[in-house]
Amino acid sequence: MSNQELSQRSLVYDKAYKFSIRVVNAYKYLTQNQQEWILSKQLIRSGTSIGSNIAEANGAISQGDFSAKMSIAYKECLETKYWLSLLKDTGYLEEQAFDSIYKDADEIGKILFAILKTTRISD
């Protein structure tokens, strides 16, 4: 594994961890201030799952195992973006808050996709 690949793995892990903190805080806001429990529960599940799957991938026992966990993290990122969009479009998230957290999710998704492209090619 190259230094660039290691750096990319560390970067996406750090970004996903910070994103998870944002998701937890969004969940607190949605449940306490907006009295919204259903969509926010979906958001917290998928949004925090991104980082946990990256953590599992970093402990993978094979390249295939790593790629499978990163693939799950990528799919969880797509799901998180869906819930964020739905929360915005139903009036639970304000545009400015949505734009900021969605941008972070999109950035993580792009990094994960780039990692998947390189790992799938070398499989």
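Everything numeric here is computed off the predicted structure, so don't read it as measured data. Residues take their numbers from the sequence shown, with the count starting at 1.
- Contact detail for A73 and I50: the closest heavy-atom pair is CB-O, 3.7 Å.
- Paired with M70 under the rule side-chain contact (heavy atoms from CB on, under 4.5 Å), one option of N53, I111, I115 passes, and it is I115.
- A pairwise comparison of heavy atoms in V23 and I44 identifies CG1-CA, 3.6 Å as the closest pair.
- Heavy-atom neighbours of Y29 OH from other residues, nucleotides or ligands within 6.0 Å: above the threshold of 12.
- Pairing each heavy atom of F19 with each of G47, the nearest pair is CD2-O, 3.9 Å.
- Here D104 does not pair with K15 in a salt bridge; the nearest charged N to carboxylate O distance is not below 4.0 Å.
- Heavy-atom neighbours of K88 NZ from other residues, nucleotides or ligands within 6.0 Å: above the threshold of 12.
- Heavy atoms from other residues, nucleotides or ligands lying under 6.0 Å from CD of E94 number 12 at most.
- What you find for W37 and T31 is that their closest heavy atoms are CD1-CG2, 3.5 Å.
- S67 and L116 get closest at one heavy-atom pair: O-CD2, 3.6 Å.
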*asked:* Could you go through L84 and F98, starting from their C-alpha distance and side-chain angles, then the distance that decides it, and tell me whether this counts as side-chain contact (heavy atoms from CB on, under 4.5 Å)?
replied: CA-CA 7 Å; L84 288 169; F98 166 81; 4.0 Å; yes
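- With hydrogens and angles disregarded, a donor-acceptor distance shorter than 3.5 Å links the side chain of E36 to the backbone of I38.
- Taking both residues in full, the closest heavy atoms of A16 and G51 are given as CB-CA, 3.7 Å, listed atom of the first, atom of the second, then distance.
- Y13 and Y17 have parallel rings, their planes meeting at less than 30° on a 0 to 90° scale where 60° marks the start of perpendicular.
- With salt bridges taken as basic N to acidic carboxylate O contacts below 4.0 Å, one links K110 and D106.
- In this structure a side-chain-to-backbone donor-acceptor pair under 3.5 Å is present from S52 to S49.
- Of the possible donor and acceptor atoms, one in the side chain of S85 sits under 3.5 Å from a partner among the backbone N and O of K81.
- Although no hydrogens or angles enter the test, the distance criterion places a donor-acceptor pair under 3.5 Å between the side chain of T80 and the main chain of E76.
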